[in-house]
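In this chain, residues are counted from 1 in sequence order.
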Amino acid sequence: MTGALSADGLAIRTGEPGTRPRVLFVSHTGTMSGAELVLRDAVRPWTGSTAFLFEDGALADVLRGAGLTIRLARRGSGLSGLRRDASVLRALPKLGRLAGLALEIARAARACDVVYANSQKAFLLAAIPARLVGRPILWHLHDILDGAHFGRAQRIVQARLANLCAARVVVPSRAAADAFIKVGGSASRVSVVPNGLDLDLDPRSPAALRAELGLPAGPLIGVFSRLAPWKGQDVVIEALARIPDLRGIVVGTALFGEDAYAARLRTLAAELGVADRVLFLGQRSDVPRLMQAVDAVVHPSVDPEPFGRTLVEAMLAGVPVIATDAGASAEILDGGAAGTLVPPRRPDRLAAALAAVLADPDAFAERTRLARDRARTRYGAAGMQQALATLILETVARA
Ligand code: UDP
């Protein structure tokens, strides 16, 4: 019944054009953070489908480029600014707009066979409209539903809504699945589909890349993530201050209003006397190249990560990885066999791990090779696309 559609030279089974289900991809934000990068890759086999977006922006451009029809919500703009842990009281003034948006989603869903809600707010808004018009809905949950990220009431509401409405809940790791189930989410609905990504690696040596990128010689580490308190860039700066002559690049910007934290990082570097050793490079579109140019990548999140794309990117780039042991890091790094795990919020332990990697890189070569093989075999984009396509087709068949 299903035919093969080529995506990046790999056969992704989504059905013959014309008989393929019509998917409505729903996203609440136009900004590209990890969840939107996953969506960008997930839609590749679904040319001709529709994306319903709450707001215009980079994501709309990317999805348009992937051959999707874009429907922009008339009442969605600005709703992505509503904090995901906002109380009902804060959401109240926006209730009229939220209701209007739900109606728009219901209309769009009726024209499709299945709804695919990317991330939390998209699911909260699309779940009931999709069910009301009789369309099954998949929730791609990119968050870890634990106390570090959400209030208790919020976690319970999300899990109950999923049990009530979602045909399937897709999560990127066992850690995210466990958190969902712990708060009452139905285990039989959960499928773990790790984020999958491919990188264009640069054949040049780290030294050549550094010269081109204008990066300094000598010991250099990197941290690659949007700037947010729970991403832990401050811990890296504190660790760096403990190692003389070590420099670090901080890549990323405050994507969701965490500008005060971004400013605090600069103040912290100055206070610790390392302002000249910490280079803030802002948001970049050449993360893989930058990773290839450094001696080690640090993934310092202080709260559990649902996945952590940058971990896999560093593994693919063939650079030693040091990550905090919170959330999915241990799963991705094979319990520490594919990278070093340190406790969160411990600059002393991070500094010790960094010093070990920098002192004897050869001792870590085998581990780095293992990490690259692991990332290639487990976390490729085609594998993710295939797994998601299978779940979408199964959901439509059951409905
Ligand atoms: N990223 C980027 N440019 C930057 C900083 C980050 O392209 O300046 C990318 C990074 O390479 C990764 C993604 O943003 O692919 C972040 O995903 P992750 O899962 O690590 O974190 P999230 O933002 O989803 O919490």
Side-chain angles (χ1 to χ4, degrees), residues 6-10 12 32-45 58-59 62-63 65-66 142 172-173 193-213 215 220-226 231 249-253 255 281-299 301 305-323 328-329 331-334 338-340 357 361 364-388:
S6 178
D8 292 348
L10 289 151
I12 305 295
M32 300 296 288
S33 75
E36 293 70 41
L37 291 169
V38 174
L39 183 62
R40 173 199 66 188
D41 294 338
V43 303
R44 256 191 261 158
L59 180 63
V62 163
L63 297 184
H142 295 280
S173 63
V193 178
N195 290 183
L197 42 138
D198 301 325
L199 292 192
D200 284 332
L201 291 177
D202 200 304
R204 284 171 291 177
S205 70
L209 286 173
R210 275 199 209 182
E212 185 188 297
L213 291 161
L215 297 176
L220 185 69
I221 59 164
V223 55
F224 301 82
S225 153
R226 59 194 160 90
K231 292 291 186 179
I249 56 173
V250 178
V251 177
T253 190
L255 287 183
L281 300 189
Q283 185 71 13
R284 300 281 296 226
S285 57
D286 56 351
V287 165
R289 261 192 332 157
L290 288 161
M291 282 187 174
Q292 283 183 270
V294 298
D295 298 308
V297 169
V298 184
H299 186 76
S301 305
E305 276 277 358
F307 190 76
R309 290 169 59 87
T310 48
L311 276 179
V312 175
E313 288 163 347
M315 290 159 82
L316 289 169
V319 187
V321 188
I322 298 161
S329 303
E331 268 170 71
I332 296 174
L333 294 175
D334 195 13
T340 308
V357 170
F364 290 83
E366 178 56 21
R367 181 191 278 196
T368 306
R369 195 190 54 73
L370 201 137
R372 181 150 45 189
D373 290 349
R374 182 175 172 82
R376 279 189 186 142
T377 50
R378 291 180 171 242
Y379 304 120
M384 177 185 76
Q385 287 158 356
Q386 183 65 74
L388 293 176

Engineer: List the atom of Ile322, the atom of Val357, and the distance in Å for their closest heavy-atom pair.
Structural biologist: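 Nearest heavy atoms, Ile322 then Val357: CD1-CG2, 3.9 Å.
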
Engineer: With sequence neighbours excluded, tell me which residues meet side-chain hydrogen bond (donor to acceptor under 3.5 Å, both in side chains) with Glu36.
Structural biologist: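 Per chain and number, Glu36 pairs via side-chain hydrogen bond (donor to acceptor under 3.5 Å, both in side chains) with Ser33.
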
Engineer: Taking the side chain as C-beta and beyond, is there a heavy-atom pair between Arg309 and Val312 under 4.5 Å?
Structural biologist: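 Heavy-atom side-chain distance check fails, nothing below 4.5 Å.
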
Engineer: Write down the atom of Gly196, the atom of Met384, and the distance for their closest heavy-atom approach.
Structural biologist: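 So the two residues come closest at N-SD, 3.3 Å.
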
Engineer: With heavy-atom distances below 4.5 Å as the criterion, would you say the side chains of Met291 and Val251 are in contact?
Structural biologist: no

Engineer: Do any pairs count as a side chain to side chain donor-acceptor pair (under 3.5 Å) and have a residue in residues 370-379, sequence neighbours left out, and if so which ones?
Structural biologist: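 Matches after skipping sequence neighbours: Arg369-Asp373.
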
Engineer: Taking all heavy atoms of Ile332 and all of Gly308, pick out the closest pair and write down the distance.
Structural biologist: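 Ile332 and Gly308 have their closest heavy atoms at CD1-O, 4.3 Å.
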
Engineer: Taking all non-hydrogen atoms of both residues, which atom of Ala387 and which atom of Val193 are closest, and how far apart?
Structural biologist: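 So the two residues come closest at CB-CG1, 3.8 Å.
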
Engineer: Can you name the nearest heavy-atom pair linking Pro172 to Asn195, along with the distance?
Structural biologist: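 Nearest heavy atoms, Pro172 then Asn195: CB-ND2, 3.5 Å.
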
Engineer: Which heavy atom of Ala58 sits nearest to which heavy atom of Met32, and what is that distance?
Structural biologist: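 Looks like CB-CG, 3.7 Å.
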
Engineer: Let me confirm one number: the CD-OG1 distance from Glu305 to Thr310, rounded to the nearest 0.5 Å.
Structural biologist: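 The CD atom of Glu305 sits 6.5 Å away from the OG1 atom of Thr310.
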
Engineer: Given side chains that start at C-beta, do those of Leu199 and Val287 come closer than 4.5 Å, heavy atoms only?
Structural biologist: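 Of all side-chain heavy-atom pairs linking Val287 with Leu199, none is under 4.5 Å.
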
Engineer: Evaluate side chain to side chain contact (heavy atoms under 4.5 Å, CB included) for Val294 paired with Leu220, printing each intermediate quantity in order.
Structural biologist: CA-CA 5 Å; Val294 298; Leu220 185 69; 3.9 Å; yes

Engineer: What distance separates Leu290 CG from Asp202 CG, expressed to the nearest 0.5 Å?
Structural biologist: 10.5 Å

Engineer: Evaluate the side chain to side chain contact (heavy atoms under 4.5 Å, CB included) criterion for residues Asp198 and Asp41: first the C-alpha distance (whole Å), next the side-chain angles of each, then the deciding distance (0.1 Å), finally the verdict.
Structural biologist: CA-CA 10 Å; Asp198 301 325; Asp41 294 338; over 6 Å; no

Engineer: Heavy atoms, side chains only, cut-off 4.5 Å: are Leu215 and Leu281 in contact?
Structural biologist: yes

Engineer: Is there a side chain to side chain contact (heavy atoms under 4.5 Å, CB included) between Arg204 and Gln292? Walk through the geometry before answering.
Structural biologist: CA-CA 9 Å; Arg204 284 171 291 177; Gln292 283 183 270; over 6 Å; no

Engineer: Can you tell which of Thr340, Val321, Asp334 makes a side-chain contact (heavy atoms from CB on, under 4.5 Å) with Arg367?
Structural biologist: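 Result for side-chain contact (heavy atoms from CB on, under 4.5 Å) with Arg367: Thr340.
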
Engineer: Would you indicate whether the side-chain heavy atoms of Leu39 and Leu63 approach each other to under 4.5 Å?
Structural biologist: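 Counting from C-beta outward, Leu63 and Leu39 do come under 4.5 Å.
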
Engineer: Is the backbone N or O of Ser173 less than 3.5 Å from a side-chain atom of Glu331, with the two atoms forming a donor-acceptor pair by type?
Structural biologist: no

Engineer: Could you walk me through whether Leu213 and Arg284 pass side chain to side chain contact (heavy atoms under 4.5 Å, CB included), step by step?
Structural biologist: CA-CA 12 Å; Leu213 291 161; Arg284 300 281 296 226; 3.8 Å; yes

